[in-house]
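Please read all numbers here as calculations on a predicted model, not as lab measurements. Computed over heavy atoms, backbone and side chain alike; hydrogens, waters and symmetry mates excluded.
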Amino acid sequence: MSGPHVIRGSVSLPEAELMWRFSRSSGPGGQHVNTSDSQVELRFDLAKTEALPPVWKERALAKLAGRLVDGVISVRASEHRSQWRNRETAAVRLASLLAEASAPPPRPRRATRIPRGINERRLREKKQRGDTKRGRSGRDWG
């Protein structure tokens with residue numbers, strides 16, 4: 001691995017809590033694919049981890065509820081021929097997934113009024129456009 005995978009700020013994935021599983025990949029590799037375990041499955045126990053702040057952990061558990069199995073989230077990678085690159089891909093994917101899930105909700109939109117002049121101009125332009133289209137009909141030509 002290239003080092004700790006940072007989720008956000010100073011919080012990173014602890015290597016001790018990552019569970020790796022390797023299997024034969026169905027992806028690229030030709031005859032090589034039949035002999036090496038290049039597919040990677042990375043599992044992280046989100047429910048029991050102490051690495052995340054409690055608030056982040058609650059948010060992540062709520063947002064990822066559909067993907068969790070007994071509080072464990074799993075990510076697979078089999079795009080590359082080498083196990084090492086698949087490990088990197090899976091770890092980066094897990095870190096970005098946790099960063100997105102633990103992010104604070106966006107600030108609510110503050111309602112603003114549309115200025116009266118803008119609304120009047122929009123209605124005036126709509127009226128002009130309708131008059132232009134009405135003038136294209138051949139009713140009065142005859």
### Message
If you compare all heavy atoms of Pro53 against all heavy atoms of Val11, which two are closest, and at what distance to 0.1 Å?
### Response
CD-CG2, 4.2 Å
### Task
Heavy atoms only: give me the nearest Asp70-Asp45 pair and the separation to one decimal.
O-OD1, 4.5 Å
### Query
Which distance, rounded to the nearest 0.5 Å, do you find between the CG of Leu97 and the CG of Leu42?
10.5 Å
### Query
Listed by chain and number, what are the side chain to side chain contact (heavy atoms under 4.5 Å, CB included) partners of Arg93, not counting sequence neighbours?
Val75, Ala77, Glu79, Thr89
### Message
Quick check: closest heavy atoms across Arg43 and Ser74, and the distance to 0.1 Å?
### Response
CG-CB, 3.7 Å
### Query
When rounded to the nearest 0.5 angstrom, what distance separates CD1 in Ile7 from OG in Ser12?
7.0 Å
### Task
Not counting sequence neighbours, which residues clear side chain to side chain contact (heavy atoms under 4.5 Å, CB included) with Ser23? List them please.
Gln39
### Message
Suppose we screen for side chain to side chain contact (heavy atoms under 4.5 Å, CB included). Which residues come up paired with Lys127, at least two apart in sequence or across chains?
### Response
Asp131
### Message
Check whether Asn86 reaches the backbone of Ser38 with its side chain - one donor and one acceptor, N or O, closer than 3.5 Å.
### Response
yes
### Message
Tell me whether Arg21 at atom CZ has more than 12 heavy atoms from other residues, nucleotides or ligands lying less than 6.0 Å away.
### Response
no
### Query
Quick one: does Arg121's side chain get under 4.5 Å of Arg124's, heavy atoms only?
yes
### Query
Of all residues at least two apart in sequence or in a different chain, which pass the side chain to side chain contact (heavy atoms under 4.5 Å, CB included) check with Glu100?
none
Please list, one pair per line, the donor and acceptor atoms closer than 3.5 Å that link side chains of residues 108-119 to other protein atoms, with sequence neighbours excluded.
from	atom 1	to	atom 2	distance (Å)
Arg116	NE	Glu120	OE2	3.2
Asn119	OD1	Arg122	NE	3.3
Asn119	OD1	Arg122	NH2	2.9

Show the atom names and distances, to 0.1 Å, of all donor-acceptor pairs under 3.5 Å that link a side chain in residues 56-64 to residues at least two apart or in another chain.
from	atom 1	to	atom 2	distance (Å)
Lys57	NZ	Ala47	O	3.0
Lys57	NZ	Thr49	O	2.9
Arg59	NH1	Ser102	O	2.6
Lys63	NZ	Ala103	O	3.4

## Note on the structure
For Gln83 and Val40 the tightest heavy-atom approach is O-CG2, 3.9 Å
### Task
Working to the nearest 0.5 Å, report the span between CD of Glu17 and NZ of Lys48.
11.0 Å
### Query
Same hydrophobic cluster for Met19 and Val92, using side-chain heavy-atom links shorter than 4.5 Å among ILVMFWY?
no
